[in-house]
Amino acid sequence: MSSICPFAKAASADGGCPMKHEENHSQQQAKCDDNVDRKSHGSASIDGGCPVKYEGDHNKHQAECDDKADTKTNDSAVVSPKCPFGYDSHTFKLGPLSCMICQALLYQSSKCLPCAHKFCKACISRFKDCPLCGADIEKIEADTDLQVTVDRFINGHARIKRVNADGQEVDGQKNVIYGDVSMERGAFLLQQAMRALRAQNMESAKSRLSLCAADIREQLQTSDNTSELCSQLGAVLGMLGDCCRAMGDTGSAVTCYEESVEFLSKLPAEDLELIHTLSVSLNKIGDLRYYDGDLKSAKAYYKQSLDVRRNAVKEHPNVSSQVVDLAVSLAKVADVDRSLGSEDVAVDGFQEAIECLESLKLDSNEAGLEQRRCSVLDFLHGQLADKHTPVSDSSV
């Protein structure tokens, strides 16, 4: 089953983007940006420096524009969120705060010497030559000032806080209600984590997912939409567990997977994507227990995943991917049964899984699922063949 962003269902009630600026602010901002572009046209750097470096005049002009926008919206009960660097969720792609290797926001920003190009520490540590200019890397040193700027960007753009709508003053200041950007914030952090994951920058991905999980936990304490938030948190914790597992921290990985299961188990088993995420988290805990040699604990988690998938097939018998998932769970439980010495029980499990897959009829447009079905089927037939392998041959 294809992975779906856990924040895909979090669109605002009016169908618009929750991060979208008010119309007046957007028009004013466009005029200001046009003026800046005309002033700075033709002044691009060609000396090897960063081509998207912010200029002092631009920052000053940006502040003036923001002040004008603030004046116009000062009497409003809701203030549109603003990125401290002039970005909103639509315009941010790759920029001065991005690592050009993983294409995510910089994490543990590091500078190559002598060329001075900047990347994530984990990304650039894999290179001997600068990926941008090809210069030999003589030394890599931390750029703490740049990292502070990146962190400020995240705190301002991706972690805009909302306050209670009771009109009370907090710390002597009048309470301000910001636009509801919580889901867009989560999607932003998740986007950065996925970019880092694709580039195998696990430290960066873990950091962004941790921020995302912390934000959702905070919202759970005040929001009425607990079902949606639990679904999102369960998915994020599952990915966070994958990061910990890839980094060799199995203890933290198990903790994340268990929390994922805890939140997802609270929800009604109606969403197929939720069912898939829950069963996968259970299987991953079982895998880690299996590799640690705790076969009984592994079987318990595999069995929970199997039960979830059996119920899913009963409720959705025409969903082919659920049948394949069920066969995988049957194989996992049977494999543990064989390791525990219950050969007859294991054979029954393998045969049931084979029957599920052989009876499955797929359409021509399900080529990917057909390939997976055949792969699992080959494995199951191999497991049954092992039953007849003489002990002396298997020990060679």
Side-chain angles (χ1 to χ4, degrees), residues 1-3 238 241-242 245 250 253-254 257-258 260-262 264-265 269 271-362 366 368-396:
M1 180 176 293
S2 60
S3 177
D242 292 340
R245 184 177 180 180
T250 57
V254 169
Y257 292 141
E258 288 177 340
S260 175
V261 169
E262 177 185 352
L264 294 176
S265 297
D271 190 322
L272 290 178
E273 190 66 28
L274 184 152
I275 293 171
H276 179 74
T277 304
L278 172 59
S279 61
V280 166
S281 290
L282 288 166
N283 276 340
K284 287 178 178 178
I285 300 174
D287 290 342
L288 292 173
R289 299 299 190 198
Y290 185 92
Y291 298 141
D292 285 341
D294 190 350
L295 298 182
K296 292 184 177 180
S297 178
K299 181 180 178 179
Y301 283 105
Y302 288 153
K303 189 66 167 58
Q304 289 183 58
S305 178
L306 176 60
D307 292 340
V308 169
R309 291 177 172 180
R310 280 192 190 279
N311 292 332
V313 171
K314 290 179 181 178
E315 295 293 329
H316 308 278
N318 297 323
V319 180
S320 302
S321 59
Q322 296 294 329
V323 177
V324 177
D325 284 347
L326 174 60
V328 171
S329 283
L330 286 166
K332 284 181 175 290
V333 173
D335 184 52
V336 177
D337 283 331
R338 170 172 285 174
S339 298
L340 290 172
S342 302
E343 181 64 26
D344 292 340
V345 177
V347 169
D348 290 341
F350 288 133
Q351 288 178 338
E352 183 182 356
I354 290 174
E355 291 172 3
C356 288
L357 295 178
E358 289 182 340
S359 63
L360 182 61
K361 305 300 180 183
L362 298 176
E366 296 179 295
L369 189 60
E370 172 62 18
Q371 183 178 5
R372 184 183 175 213
R373 184 189 77 90
C374 292
S375 176
V376 176
L377 201 54
D378 289 342
F379 170 81
L380 292 168
H381 284 302
Q383 292 300 306
L384 286 181
D386 287 344
K387 173 186 176 184
H388 304 292
T389 301
V391 175
S392 58
D393 292 343
S394 62
S395 61
V396 174

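Just so it is clear, the structure is predicted and the values come from calculations on it, not from any experiment. Counting begins at 1 with the first residue of the sequence. As a basis for the values below, the full set of heavy atoms in this structure was taken, side chains included, without hydrogen atoms, waters or symmetry mates.
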Minimum heavy-atom distance between Ala331 and Phe350, given as atom pair plus value: O-CE2, 3.7 Å
Closest contact, heavy atoms only, Leu274 versus Leu264: CD2-O, 3.9 Å
Asp271 side chain vs Glu273 backbone, donor-acceptor pair below 3.5 Å: yes
Option from Val319, Leu369, Leu362 for which side chain to side chain contact (heavy atoms under 4.5 Å, CB included) with Val324 holds: Leu369
Cut-off 3.5 Å, no hydrogens considered: what does the side-chain donor-acceptor table look like for residues 281-291, sequence neighbours left out?
residue	atom	partner	partner atom	Å
Ser281	OG	Ser260	OG	3.2
Ser281	OG	Thr277	O	3.2
Asn283	OD1	Ser305	OG	3.3
Asn283	ND2	Ser305	OG	3.3
Lys284	NZ	Asp242	OD1	2.8
Lys284	NZ	Asp242	OD2	3.0
Asp287	OD1	Tyr302	OH	2.5
Asp287	OD1	Lys332	NZ	3.0
Tyr290	OH	Asp335	OD2	3.2

Residue pair Glu358 / Lys361: nearest heavy atoms and the distance that separates them: O-NZ, 4.2 Å
Pair Leu340-Val345, side chain to side chain contact (heavy atoms under 4.5 Å, CB included): steps then yes or no: CA-CA 10 Å; Leu340 290 172; Val345 177; over 6 Å; no
Closest non-hydrogen atom pair, Leu278 against Ser265: CD1-OG, 3.7 Å
Nearest heavy-atom neighbours spanning Ala327 and Ala353: O-CB, 3.7 Å
Salt bridge Arg372-Asp325, side-chain N to carboxylate O under 4.0 Å: yes
Close side-chain approach of His381 and Leu377, heavy atoms under 4.5 Å: yes
Rounded distance [0.5 Å steps], OG in Ser297 versus CG in Asp292: 9.0 Å
Test side chain to side chain contact (heavy atoms under 4.5 Å, CB included) applied to Leu295 and Lys299, step by step: CA-CA 6 Å; Leu295 298 182; Lys299 181 180 178 179; over 6 Å; no
Min side-chain heavy-atom separation Glu370-Cys374 under 4.5 Å: yes
From CD (Gln383) to CD (Gln351), nearest 0.5 Å: 13.0 Å
Distance, nearest 0.5 Å, that separates CD of Glu352 from CG of Leu380: 11.0 Å
Closest contact, heavy atoms only, Arg309 versus Ser279: NE-OG, 3.0 Å
Qualifying residue, where the test is side-chain hydrogen bond (donor to acceptor under 3.5 Å, both in side chains) with Asp307 and the options are Arg310, Gln304, Lys303: Lys303
Arg373 (side chain) donor-acceptor with Leu357 (main chain) under 3.5 angstrom: yes
Nearest-0.5 Å distance, CD1 of residue Ile275 to NE2 of residue His316: 5.0 Å
